[in-house]
Amino acid sequence: MRFTTAKRLLVSGLLGAAILFGDAPAEPKLLSVFPSGGQAGSEFEIRLRGTSLEGAYAAWFDAPGLSGTVKKVAARENSSKKDKDQPPHEVVLTVAIEDSMQPGVHRLRLVTPHGLSDALVFRVHTDPGLTEAEGEGVENRLAGSLSSFPVVVHGRIDEKGQIDDYELEVQSGQELLFEAGSGTALMDPTLTLLAPTGSWLNPGRLTRLAYNDEPIHFPGYSSDPRMKYRFQESGRYILRVGTFLGPGSADHIYQLRVAPITGNAHWNRHRTRHRPSQSDSPLWEERSFTRELGPDRMQALWSRSVKPAVTDSESEESSENGEGEAYFVGPIPVTKVDSTEDTVSVTLPALIEGSIERAGDIDRVQFEAKRGDKVVLEIDTADATVPDFNPFLKVVDENDVEVFTNIHSNLNNNGGFIMKTVQPKTVFTFLRDGRFTLEIRDITTQEADDRFSYRVILRPQVPHLGTVHIGTKYLNLVPDETRKVSIRTDQEEGFNGYIALQAVGLPEGVQAIMGTEVESNRPPPLNDGKIDRYRATSQLATMLFVAAPDAPATRMPSKVHIMARPVLDGKMGPAILAKELLLMVIRPPEIISSAGGAEEQVAREE
């Protein structure tokens with residue numbers, strides 16, 4: 001009883017000290033969640049670990065089919081030096097997932113009196129789910145037995161050097177896909193498939209059949225391993241989950257999925273990270289190999305621009321149908337090509353579909369262009385992308401002389417050597433009339449796969465607003481405080497107008513004001529090469545979010561929409577959603593002084 005009273009006095013003392021000295025509490029931070037997902041149509045408990053989570057009262061998900069209720073907030077007690085770096089809070093949350101939810105990666109945040117927390121990954125699956133069996137120590141231990149597939153297992157590597165073994169019962173000829181998704185940035189899982197072959201000296205010996213850390217370590221790729229294996233014999237096998245270099249803690253969370261491979265479906269699609277609505281990726285991606293190009297590309301581009309006025313020589317009807325000379329809306333005709341066939345002829349704009357299925361394949365497409373024609377060459381790689389599939393696009397003239405390519409060559413600042421990279425988008429202006437040939441192949445001439453499929457668009461340039469880069473995901477504002485959000489806008493294909501920026505949906509007492517900031521000086525590159533072909537021009541803007549001294553606190557985050565509008569020749573284009581920013585107004589002194597919330601949590605512990 002004396003310990004409980006001391007604990008109450010400690011909480012009250014800390015809160016009082018924060019008020020006396022005016023220290024604003026740190027923003028809430030999440031370190032891990034276990035389990036890091038669940039099955040659609042289920043309701044279950046999860047535990048979140050983090051800092052500054054006292055008084056947490058709500059959960060926030062980026063999808064309407066997910067909801068959570070705070071059940072308990074517990075403060076950790078540091079009983080030894082070993083625990084001094086442990087997070088002080090653990091939040092128990094009851095999560096409900098609607099039946100209609102599709103498999104995918106979402107974002108989970110907590111709402112506290114100190115504001116909105118950062119986000120953790122939360123995976124929804126439709127396969128049956130299990131939780132690993134609890135064990136002790138770092139020795140090999142049986143974390144579960146799996147005999148029915150597909151199945152998803154939620155696990156954790158609690159200690160350094162720990163590995164989790166799962167016993168598999170499989171049939172001869174069965175082919176399985178193994179995937180391990182990391183629950184936090186700390187977790188870099190590994191997968192090992194073993195067979196209990198035994199030996200004369202060691203009857204329990206395990207023989208390794210397959211191993212995967214991650215297929216390729218490359219920027220933008222996931223570090224999550226995935227592998228497939230076809231079993232030749234029925235029997236018992238071991239699937240081992242570990243961590244690269246062996247670290248472990250309460251925050252090393254993983255989600256293991258084992259599923260059968262049926263039919264001819266590609267099991268190894270491109271491995272870029274899933275990008276949900278609240279991820280770091282922008283809503284519009286201009287220069288990415290994994291963006292989707294389709295027949296409606298021209299219409300999508302014009303929706304980000306200001307359409308030119310119809311002249312006297314052009315009828316509105318022809319322009320609206322995409323037949324006028326002012327602009328082409330679409331749809332773009334689709335042409336399928338095959339390297340075994342003769343060169344295919346197309347007229348611009350054209351959408352070309354094909355694949356590089358044999359080493360050395362070259363797909364060829366012929367087209368005509370006139371002097372002064374401004375064109376754009378774009379490619380997407382749907383199933384495999386850089387660095388697996390490195391698409392090389394080259395345009396040559398009637399004499400097989402190179403006109404331009406999608407390879408950007410520039411002189412590197414560090415070593416003075418030339419660096420060459422393949423680019424997903426290239427702009428070019430023809431200097432003469434002629435008939436030209438577009439060649440499409442892999443840059444190595446040695447790599448090929450049925451996954452090396454592509455879509456290439458050859459089209460006229462459309463001056464438009466490109467990607468809007470906004471790094472900030474959420475803001476916690478204190479009254480009488482100003483926070484900045486830096487916004488960089490890309491102007492594509494010769495767009496020389498203005499970009500109007502506006503924040504919509506601000507809570508009461510908050511306003512957004514445009515401002516300026518000083519950009520850091522960077523040394524000029526030695527030689528950028530023909531950078532205008534491969535990079536957009538860009539401008540940096542600053543939006544200041546100002547909370548009035550009497551701004552009322554918000555209980556839940558407001559969804560503030562950052563809108564961008566292209567302006568050209570005095571005409572304003574459509575409003576385009578660039579970012580959904582989560583914003584809260586908090587009043588730390590008032591909240592901390594009402595220590596009832598913290599004391600209530602202490603009472604719950606008793």
Side-chain angles (χ1 to χ4, degrees), residues 30 32-49 56-73 90-111 116-117 119-134 143-156 164 166-170 174 176-184 187 189 222 224 226 239 241 253-263 265 267 269 273-279 556-557 559 580 582:
L30 297 179
S32 66
V33 54
F34 184 79
S36 59
Q39 185 178 5
S42 64
E43 184 174 326
F44 51 95
E45 285 188 0
I46 62 175
R47 293 179 178 270
L48 299 99
R49 289 162 45 87
Y57 54 84
W60 183 94
F61 289 94
D62 64 353
L66 289 162
S67 61
T69 304
V70 175
K71 184 176 180 181
K72 180 181 179 181
V73 180
E90 183 178 78
V91 177
V92 180
L93 203 68
T94 302
V95 174
I97 308 177
E98 294 183 358
D99 294 336
S100 58
M101 288 291 293
Q102 296 298 312
V105 180
H106 299 277
R107 293 291 186 268
L108 163 63
R109 301 175 187 268
L110 279 182
V111 186
L116 189 66
S117 75
L120 287 176
V121 168
F122 190 86
R123 290 180 170 89
V124 174
H125 56 84
T126 55
D127 302 325
L130 301 172
T131 302
E132 66 168 355
E134 295 293 336
S145 297
L146 310 176
S147 58
S148 179
F149 312 105
V151 66
V152 172
V153 183
H154 300 277
R156 174 165 49 198
D164 289 351
Y166 294 91
E167 187 178 73
L168 306 177
E169 290 290 340
V170 301
Q174 190 172 19
L176 294 178
L177 169 65
F178 306 97
E179 300 175 291
S182 54
T184 66
M187 183 66 178
S222 170
D224 297 341
R226 60 201 318 258
L239 179 64
V241 180
I253 312 295
Y254 66 86
Q255 188 181 102
L256 172 67
R257 181 174 183 263
V258 183
I261 298 177
T262 57
W267 70 276
R269 298 285 181 182
R273 293 187 182 274
H274 182 88
R275 293 167 176 169
S277 58
Q278 286 295 319
S279 72
M556 294 297 291
K559 293 182 179 180
E580 186 179 86
L582 301 174

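FYI, side chains are in, hydrogens and waters are out, and symmetry mates aren't considered; it's all heavy atoms of this structure.
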**Study point:** Spacing of CG belonging to Leu582 relative to CE belonging to Met556, to within rounding of 0.5 Å
**Key:** 10.0 Å
Check your understanding: Looking only at heavy atoms, which two atoms of Val111 and Pro557 are closest? And how far apart?
Key -> CG2-CD, 4.0 Å
Practice item. Please tell me if the side chains of Val153 and Asp164 come closer than 4.5 Å, counting only heavy atoms from C-beta onward. Key: no
Check your understanding: Judged by atom type as modelled, is there a donor-acceptor pair below 3.5 Å linking the side chain of Glu132 to the main-chain atoms of Arg156?
Key -> yes
Practice item. For Val152 and Gln255, run side-chain contact (heavy atoms from CB on, under 4.5 Å): C-alpha distance rounded to whole Å, both residues' side-chain angles, the deciding distance at 0.1 Å, then the answer. Key: CA-CA 7 Å; Val152 172; Gln255 188 181 102; 3.5 Å; yes
Review point. What is the distance from atom NZ of Lys71 to atom CZ of Arg47, rounded to the nearest 0.5 Å?
Key: 8.5 Å
Check your understanding: Judged by atom type as modelled, is there a donor-acceptor pair below 3.5 Å linking the side chain of Asp62 to the main-chain atoms of Arg107?
Key -> yes
Review point. Looking at OG of Ser32 and CG of Leu48, how far apart are the two atoms once the value is rounded to the nearest 0.5 Å?
Key: 7.5 Å
Check your understanding: How close do Arg109 and Leu30 get, heavy atom to heavy atom, and via which atoms?
Key -> CA-CD1, 4.2 Å
Practice item. Could you pull out the closest heavy-atom pair between Met187 and Ser182, with the gap in Å? Key: O-CB, 3.3 Å
Check your understanding: Are Val73 and Tyr57 side-chain neighbours, meaning at least one heavy-atom pair lies under 4.5 Å?
Key -> no
Review point. Are His125 and His154 side-chain neighbours, meaning at least one heavy-atom pair lies under 4.5 Å?
Key: yes
Point to revise | Note, Pro260 side chain near Leu176 side chain (heavy atom, < 4.5 Å) | key: yes
Revision key, fill the gap. Rounding to 0.5 Å, atoms CZ (Phe149) and CG (Leu168) come to a distance of 5.0 Å
Study note, to complete from the structure: Residues Asp224 and Ala180: closest non-hydrogen pair is CB-O, 3.1 Å
Review point. At what distance, to the nearest 0.5 angstrom, does CD of Glu179 lie from CZ of Arg257?
Key: 5.5 Å
Review point. Does a side-chain heavy-atom distance below 4.5 Å link Val95 with Leu108?
Key: no
Practice item. Write down the atom of Ala63, the atom of Met101, and the distance for their closest heavy-atom approach. Key: CB-CE, 4.1 Å
Check your understanding: Where do Pro150 and Ala259 come nearest, in terms of heavy atoms and distance?
Key -> CB-CB, 3.8 Å
Point to revise | Residue pair Phe44 / Thr131, side-chain heavy-atom distance below 4.5 Å | key: no
**Study point:** Side-chain touch Leu239/Leu256, heavy atoms, less than 4.5 angstrom
**Key:** yes
Exercise for review: Find the distance between CG (Leu177) and CD1 (Ile261) and round it off to the nearest 0.5 Å.
Suggested key: 5.0 Å
Check your understanding: Hey, mind stepping through Leu93 and Val33 against side-chain contact (heavy atoms from CB on, under 4.5 Å) and telling me if it holds?
Key -> CA-CA 10 Å; Leu93 203 68; Val33 54; over 6 Å; no
Review point. Taking it one step at a time, do Val124 and His106 satisfy side-chain contact (heavy atoms from CB on, under 4.5 Å)?
Key: CA-CA 8 Å; Val124 174; His106 299 277; 3.8 Å; yes
Check your understanding: Mind checking whether Tyr166 and Tyr254 have parallel, tilted or perpendicular rings, split at 30° and 60°?
Key -> perpendicular
